[in-house]
Amino acid sequence: MIPPSPPPPASWKFSVRDALIAAGAVTLAGLAVWNVLQNMQGAGLAPGFAFLWQGAGFDVSETLVPYSPADPYARAILAGTLNTLFLAAVSLVLATVVGLIVGLMSVGPSPIARAVAGAYVEIFRNLPKLLVLLVLFVAAVTGLPHVRQALSLGPVHLSNRSLLFPVPVLEPGHALVLAAFGAGCGACWLLARHFARRREAGQAAPPLWPFVLLALGGLPLAVALGLGLPFAWSVPQLAGFDYEGGARVSLQFMVIAVTLALYHGAQIGEVVRGGISAIPRGQTEAAHAIGLTPRQATRYIVVPQAVRIIVPSMNNQYVNLIKNTSIAIAVGYSDLMSVSGTVINQTFRPLEMMLLTMAVYLAICLCVTTQLNRINDRLRLKEGRA
Amino acid sequence: MKFLFASLLLTTASLAAPAVQAGAALDDIKSGDALVCLVSPNAPGFSVPDSQGVFQGFNADFCRMAAAAVLGDAAKADIRGVGFSDSMKTLVARGGHLASRSITATGTRDADAGMAFIATTFFDGQGFMVPAALGVSAAADLQGATVCAEDGSTTLLTLADWFADRGMSYRVENIADKTARLEAFFSGKCDVYASDVTALNSDRMLAANPDDYVILPDVISAEPLTLVSQPDQELESAVFWAFQVMLNADKFGITSGTIDDVIADLDSQPQEVARLFAADGAGADMAAKLGLPADWAYQVVKQVGSYSEVFDRHLGMNSPFKLDRTKTLNASVEEGGLMYPYPIR
């Protein structure tokens, strides 16, 4: 019913067998490295990462940090890594939302909702994601209008190139406004702690929200007005071939995020469905018997138990999703894989670049796994505690 | 192995120092009765093994041209598929006589003592394709344009250099999947499609209506794909002039199908044709001096064909690539291209 906590790890004991296995593994790895180094030396190549500081000389389609072809390879790789992280973060949130909706639909009371969710899961679980990506990309690029006939809603424009929207541009003095906002945050935190202590001590305390509004909204606004609003808006304007100004989200970014959300949404939906289905019917009936409404039964009895089953499987889903962002290369989103591929073609440094790329993906995935494990530990039923 | 390679390099360098080669490579071809020719192992249209494992294609035919000129028999070309950098190493180490594999002639490569560039068989370069409706007539009008190009390719580098040199801004769409890349261009996600001109010509044919797209006249990189041999002045001359025979054949409209009729009635031919093929003409004179079969020029045209014949057979209208040679740099000078037949007299 509820997964029991794993037994504490057995204390480590020396054994000859373990030592031999470890020695064998180390020897094999050492031989492999030695062999590669020998072969590279034979071909006149010296392994090293000094090339990372040479000029890259190529452009990438979109970046979160300023980048030009004059920058070194290292900066191109940084730009690619940030693109991968941004895509992974957005897709992760979208896929989770889709998965929750699909999962809840498939255990809900409505037969139509169950059928829709079931069909959705079967379709997206059984199609290759690269195919889904290419179909959606071609559909979007041919279906959406050309940039000159962009769909416009005020200053927001959508074309088969990108989604464009205005962004504030910081002018001198904006730091003071940000400082005021920071000070507001600090004040809110202090007040919240103070009020909480008073309540704990049984004293009356005024509601917090008017103070929050004043500190986070009123104070920065007053400072901004006092400085004569040190922000300007950068609005997209049609100029020449394309819009200039504003912020842009490329079509390929949106298409890949949607693809990953749909694909992993189906899988997460199954995880959610499985987690909820694993709670025996008797639990809900018992909840009803003690007078809880169906809503309360779900909220206080089913969900807390289901979450403990769902979270460990989500770990796997999230790591898979992060690695799957690498299909972005097919439709022109400059992620880490795309940039490192170009760097390899320029520098003929496949070994170094593959090691570097692997290290980055490994670091990202291990960070996510560690965080999810921490959440998992917190949710787990603790033995020996009431 | 490394020592062997270095000593070979040294030998080559010391042999290359005197101005005149003794024709060692040509002698080696004759004594072995085979011309070892290196091609790319798999380049559709240029060199691909057929069902018998024999290389066929545009580049493979220049191996046959050399064998027909030197040995009088195109079938004596021993055509081998070798990777790009390995083929240059093999030539330097004297493991092959000729390489016909889309090697761009560059200064640093030619400065290498172990290699001699002979004749450019294919002129390519990076260009731009735009929708005709855009009204752009030259690449200089592309300020601020979005350019679709293959992810990871040197196209990206050439683009970055070209726009930076002109102080022009642009946006790149580096799409790896070819279908996605072409769809993006045909539906207007990119204003411009950048690739080698040869590729642009064949990609244009994939549009619903190819006439809606034009290839701009600007070629922003030079890719002269050139025959390379071991340094051997006589071999170089033989291969260079065999190629000129193929260009001259085009100039006078002679093909492998018509050459026998031409020979049969040399008196009614233009003087230049007579000089090329007659038993007492300039062609025969060259053969005697270089040690080639007396009818070498006839054998080249008979067994391999004229330049346009070879082009059309593998890349042009008689091939799946449907390249219109007259619209590439490989058109003759008269057609506005770079193929300029040298006089044989």
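So that the names make sense, note that chain A is the first sequence line, chain B the second, and so on, each numbered from 1.
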Determine all donor-acceptor pairs shorter than 3.5 Å in which one atom belongs to a side chain in residues 135-146 of chain B; sequence neighbours excluded.
{"residue": "B/Q143", "atom": "OE1", "partner": "B/S169", "partner atom": "N", "Å": "3.3"}
{"residue": "B/Q143", "atom": "NE2", "partner": "B/S169", "partner atom": "OG", "Å": "3.0"}

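Atom CE of B/M129 sits in a crowded spot, with more than 12 heavy atoms from other residues, nucleotides or ligands closer than 6.0 Å. Atom CG of A/L131 has more than 12 heavy atoms from other residues, nucleotides or ligands within 6.0 Å.
Contact of the B/L156 side chain with the A/T342 side chain is registered, since non-hydrogen atoms from C-beta on lie closer than 4.5 Å. Using a 4.5 Å heavy-atom cutoff, the side chains of B/R171 and A/R161 are not in contact.
Interatomic distance, A/I329 CD1 to B/D151 CG, rounded to the nearest 0.5 Å: 4.5 Å. With rounding to the nearest 0.5 angstrom, the CG atom of B/L157 is 10.0 Å from the CG atom of A/D59.
For the pair A/V331 and B/A180, the tightest heavy-atom approach, listed with the atom from each and the gap, is CG1-CB, 4.2 Å. Contact between B/I175 and A/A330 at its shortest, heavy atoms only, is CG2-O, 3.0 Å.
Ranking B/A160, B/G188, B/A164, B/A149 against chain A, the residue ahead of the rest is B/G188, based on heavy-atom pairs under 4.5 Å. Taking chain B as the reference chain and counting heavy-atom pairs below 4.5 Å, the highest number among A/E244, A/R248, A/E62 is found for A/R248. Ranking B/T179, B/L134, B/N174 against chain A, the residue ahead of the rest is B/N174, based on heavy-atom pairs under 4.5 Å.
Heavy atoms closer than 4.5 Å to chain A are found nowhere in B/C148, neither backbone nor side chain. Using a 4.5 Å cut-off between heavy atoms, A/L130 makes no contact with chain B at all. Proximity to chain B is limited to the backbone of A/A56, based on heavy atoms less than 4.5 angstrom apart. Only the side chain of A/L134 comes within less than 4.5 Å of a heavy atom of chain B; its backbone N, CA, C and O stay farther away. With a 4.5 angstrom heavy-atom cutoff, B/F163 does not touch chain A via any of its atoms.
Contacts between residues 136-149 of chain A and chain B, counted as heavy-atom pairs separated by less than 4.5 Å, involve A/F137, A/V138, A/V141, A/T142, A/H146.
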